[in-house]
Number of protein chains: 2
Amino acid sequence: MNKDTDNKLKLRNIKPTAMRQLVYDVLSKQKKALSLIEIEQQFENVDRSTIFRTLKTFQDNLLIHSVDDGTGSVKYALCDEDCTCSLNDLHIHFLCTKCGQTHCMKSMPIPNLDLPKDFSFENANFVVKGTCPNCK
Amino acid sequence: MNKDTDNKLKLRNIKPTAMRQLVYDVLSKQKKALSLIEIEQQFENVDRSTIFRTLKTFQDNLLIHSVDDGTGSVKYALCDEDCTCSLNDLHIHFLCTKCGQTHCMKSMPIPNLDLPKDFSFENANFVVKGTCPNCK
DNA sequence: AAAACTTTGCAACCTGATTGCATAAACTTT
DNA sequence: AAAGTTTATGCAATCAGGTTGCAAAGTTTT
């Protein structure tokens with residue numbers, strides 16, 4: 001029962017159940033973004049749908065954001081504490097084609113775009129693929 | 001038996017079977033990118049796996065490119081005639097959140113990026129979401 | 001036209017995501 | 001603190017898109 005985790009959840013108006021604390025802790029221990037399955041594998045006997053719903057709750061409350069990196073499974077990563085999941089918080093994600101890890105490039109915001117007339121910008125998913133420093 | 005389609009396929013070293021001509025024609029009639037399922041629905045009695053393999057052949061031979069727009073189904077669109085599916089040919093795709101259509105923004109190349117040291121750039125998928133002119 | 005290769009159709013399967021429903025746990029209200 | 005209400009969890013089942021194995025049909029080569 002981690003007091004710190006507890007607070008992080010409460011700050012986002014998420015009732016800190018045991019399950020949620022566990023999932024939060026898994027995410028916070030990782031620098032990379034994790035898939036539902038990867039999170040599931042961190043536990044022995046936790047049901048997939050529970051984690052699924054936990055992640056949904058987290059995402060609805062802006063505690064985490066998701067990335068579709070094109071590998072077929074959506075990845076999840078903690079947001080920064082001041083994140084509101086709005087345009088300013090969008091950033092590039094990097095998928096290493098060797099180790100398969102997906103990194104949040106929080107220092108690289110999605111670039112500004114001049115969309116053609118009458119196209120509106122709401123959101124964006126920008127995934128760069130290549131080799132990460134570890135696999136170089 | 002369309003002579004023109006026939007040539008387009010041959011130019012890419014694809015044997016122009018009836019099936020392939022049909023799939024090509026469906027793609028060329030559309031401005032937007034189409035999913036496997038959407039293509040399947042254009043026909044009465046064509047097997048999904050055949051279309052799947054047709055698309056694979058097309059993609060292997062650089063006749064089409066695919067986009068993962070995050071909707072859960074990969075979309076396919078014809079490449080330009082001079083496309084080599086290399087970095088220069090990468091462009092932004094736009095997913096309209098109202099009509100669900102995915103457009104190739106061929107006039108909008110993927111912007112240049114300064115990746116942190118030791119990250120290499122191989123490829124990128126940049127999908128912008130918003131409202132398209134039709135749905136405005 | 002026989003042999004060799006390619007394409008197609010069918011059925012089956014896989015994986016990740018998602019839902020329905022019943023039980024369990026946590027809050028509320030009296 | 002008991003009864004009632006809401007919320008969270010676990011299990012089983014389902015769904016959708018993607019993908020493969022295999023045999024039949026169609027092509028090409030010899």
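Sequence lines set the chain letters: A, B, ... in the order given, protein chains first and strands last, and positions in each chain run from 1. Please read all numbers here as calculations on a predicted model, not as lab measurements.
- Per the geometry, CD1 belonging to A:Ile14 stands 12 Å off P belonging to D:dT9, to the nearest Å.
- Remark: C1' of C:dG9 and CG of B:Leu22 are 15 Å apart, rounded to the nearest angstrom.
- Atom CG of A:Leu36 is separated from atom P of C:dA17 by 5 Å (rounded to the nearest Å).
- Counting heavy atoms from C-beta outward, A:Phe58 and A:Tyr24 have side chains that approach closer than 4.5 Å.
- B:Ile64 pairs with exactly one of B:Lys56, B:Arg12, B:Gln59 by the side-chain contact (heavy atoms from CB on, under 4.5 Å) rule, that one being B:Gln59.
- The neighbour count for B:Asp82 CG, taken as heavy atoms of other residues, nucleotides or ligands under 6.0 Å away, is above 12.
- Salt-bridge formation is not detected for the pair A:Asp25/A:Lys29: no Lys NZ or Arg NE/NH1/NH2 atom is positioned less than 4.0 Å from an Asp or Glu carboxylate oxygen.
- Residues satisfying the side-chain hydrogen bond (donor to acceptor under 3.5 Å, both in side chains) test with B:Asn13, not counting sequence neighbours, are none.
- The aromatic rings of B:Phe119 and A:Phe94 lie perpendicular to each other, with more than 60° between the two planes, well past the 30° mark.
- Ion pairing between A:Glu122 and B:Lys129 fails under the 4.0 Å rule for side-chain N and carboxylate O.
- Computed from coordinates, the A:Leu9 CG to D:dT7 P distance equals 17 Å when rounded to whole Å.
- Distance CZ (B:Arg20) to P (D:dG26): 16 Å, rounded to an integer number of Å.
- The nucleotide C:dT30 finds its pairing partner in D:dA1, both defining distances of the Watson-Crick or G-U wobble pair being shorter than 3.5 Å.
- The only option from B:Cys104, B:Ser107, B:Pro109 that meets the side-chain contact (heavy atoms from CB on, under 4.5 Å) definition with B:His91 turns out to be B:Cys104.
- Of the residues in residues 40-58 of chain B, B:Asp47, B:Ser49, B:Thr50, B:Arg53 come within less than 4.0 Å of DNA chain C through at least one heavy atom, sorted by number.
- Closest contact between the side chain of A:Ile37 and the listed nucleotides C:dT8, D:dG18, C:dG16 involves C:dG16.
- Between the CD1 atom of B:Ile39 and the P atom of D:dG17 there is a distance of 13 Å, rounded to whole Å.
- Inter-residue side-chain proximity for B:Lys15 and B:Arg20 is flagged as met; some heavy-atom pair is nearer than 4.5 Å.
- Atom CE of B:Met19 is separated from atom P of D:dT27 by 14 Å (rounded to the nearest Å).
- Contacts between residues 64-78 of chain A and DNA chain C, counted as heavy-atom distances below 4.0 Å, involve A:Gly72, A:Ser73, A:Val74.
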